[in-house]
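Report on one structure; see the data block that follows.
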Amino acid sequence: MVVSELFQATKRLKDNLEWLQEAKFFDKVDSTQKRINQFLPKNPEGAVLVIAETQSKGVGRQDRPWYSPPGGIWFTLALPMKDKPLKKVIAFSVLAGLIVAESLKEVNNLEAQIKWPNDVIYEGKKLGGTLSTTTKKFRKEWFLVGVGINVNNDLSDDLKGIATTIKNVRGQAQGRSRLIESVVDGLWAAWNEFDRTGFGPYQNRYMAKLSGIGKTATIVAGDTKIEGEMTGIDPNGAILIKSNDQTKSVQAGEVVGLPA
Ligand code: BTN
């Protein structure tokens with residue numbers, strides 16, 4: 001019997017990370033973001049992780065479908081809110097993209113960039129993304145960070161022009177365990193400090209990876225479209241857009257297309 005790489009990785013994480021309260025691996029789920037609910041304990045003492053080899057109903061930001069065939073990294077990490085108010089940790093969703101991009105550098109020596117707020121891109125093509133949601137179980141709140149990274153998986157025909165995989169970039173299949181471990185570890189470490197630090201200490205690190213600084217970009221925030229020069233992000237993780245000599249900060253939304 002061939003034991004799957006991700007099954008072993010999940011077991012190793014569960015054995016080695018004492019703060020991981022529960023870790024589950026599935027060959028196939030609908031979405032790790034949904035399935036994780038089943039494993040959230042009554043007494044949150046640490047984080048909970050669900051990893052899948054494939055998802056039949058993976059979800060992306062704005063409720064878009066997320067193509068999740070075998071060979072990629074698809075997981076959700078549930079972080080206990082304890083008494084953290086949501087408004088104190090909302091910018092953690094922006095930070096999650098940075099943690100993925102920095103892990104790609106550390107583990108795969110890959111210089112990924114970020115398309116605000118949390119698309120991870122390489123040479124303009126999407127390599128991965130994160131999805132942050134919250135949920136409640138046994139009257140306890142959890143912050144869920146879903147991470148999707150194209151590693152050795154194929155890409156559907158409509159994704160081929162706009163997305164890429166680490167295997168495409170590197171020219172050969174890559175291991176996934178170290179990358180998962182680095183992202184999971186990075187998320188947990190940042191989570192434990194975030195209500196005290198906020199986004200501020202990460203601002204420069206994020207700027208170093210932000211795609212499109214100094215270029216013209218369109219930001220879509222709900223029904224509003226803002227066009228202007230992208231000048232950076234502020235200490236709360238909001239994107240800064242300059243138009244007609246005025247700089248606006250936009251906290252929620254996304255950059256559409258890639259800045260020219
Ligand atoms: C995005 O739109 O960029 C975010 C994509 C997030 C996908 C991940 S894969 C694991 C987790 N489960 C899901 O259904 N979605 C997230």
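Atoms considered below: every heavy atom in the structure, side chains included; atoms not considered: hydrogens, waters and symmetry mates. Counting starts at 1 for both ligands and their atoms, in listed order.
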Judged by atom type as modelled, is there a donor-acceptor pair below 3.5 Å linking the side chain of N152 to the main-chain atoms of Q174?
yes
Is there any N or O on W66 that sits under 3.5 Å from an N or O of ligand 1?
no
Checking E53 against K28 for the salt bridge (charged side-chain N to carboxylate O under 4.0 Å, His left out) test, could you report, in this order, the C-alpha distance in whole Å, the side-chain angles of both residues, the deciding distance, and whether it holds?
CA-CA 6 Å; E53 185 65 56; K28 187 169 187 172; over 6 Å; no
Pull out every atom of ligand 1 sitting under 4.0 Å from any heavy atom of S31, numbered as shown with elements.
12 (N), 13 (C), 14 (O)
Side chains of Q55 and T32, donor plus acceptor under 3.5 Å:
yes
Please classify the V147 to ligand 1 contact at 4.0 Å (heavy-atom distances, strictly less than): side chain, backbone, both or neither.
backbone
Mind running side chain to side chain contact (heavy atoms under 4.5 Å, CB included) on W188 and L20 for me, showing each step along the way?
CA-CA 9 Å; W188 179 250; L20 205 50; over 6 Å; no
Going by the 4.0 angstrom heavy-atom rule, the piece of K126 near ligand 1 is side chain
Ignoring angles and geometry beyond distance, decide whether Q55 reaches within less than 3.5 Å of ligand 1 through its nitrogen or oxygen atoms.
yes
re atom 4 (C) of ligand 1, the protein heavy-atom contact at minimum distance is T130 O, 3.5 Å
So, do P80 and W191 sit near enough that their side-chain heavy atoms are less than 4.5 Å apart?
yes
For Y67, which of N150, D154, N153, T54 qualifies under side chain to side chain donor-acceptor pair (under 3.5 Å)?
D154
Heavy-atom nearest neighbour in the protein, as seen from atom 16 (C) of ligand 1, with distance rounded to 0.1 Å
V59 O, 3.7 Å
Any side-chain heavy-atom pair from K225 and V220 closer than 4.5 angstrom?
yes
Close-contact set for ligand 1 against T32 heavy atoms, below 4.0 Å
10 (C), 11 (C), 12 (N)
If we number the atoms of ligand 1 from 1 as shown, the ones under 4.0 Å from a heavy atom of G58 are 14 (O)
Does one side chain, of T164 or E123, offer a donor that lies under 3.5 Å from an acceptor on the other?
no
Atoms of ligand 1, numbered as shown, that sit under 4.0 Å from any heavy atom of D119
3 (O)
Can you tell me if Q33 contacts ligand 1 (heavy atom of the residue under 4.0 Å from the ligand)?
yes
Identity and distance of the protein heavy atom lying nearest atom 2 (O) of ligand 1:
R61 N, 2.7 Å
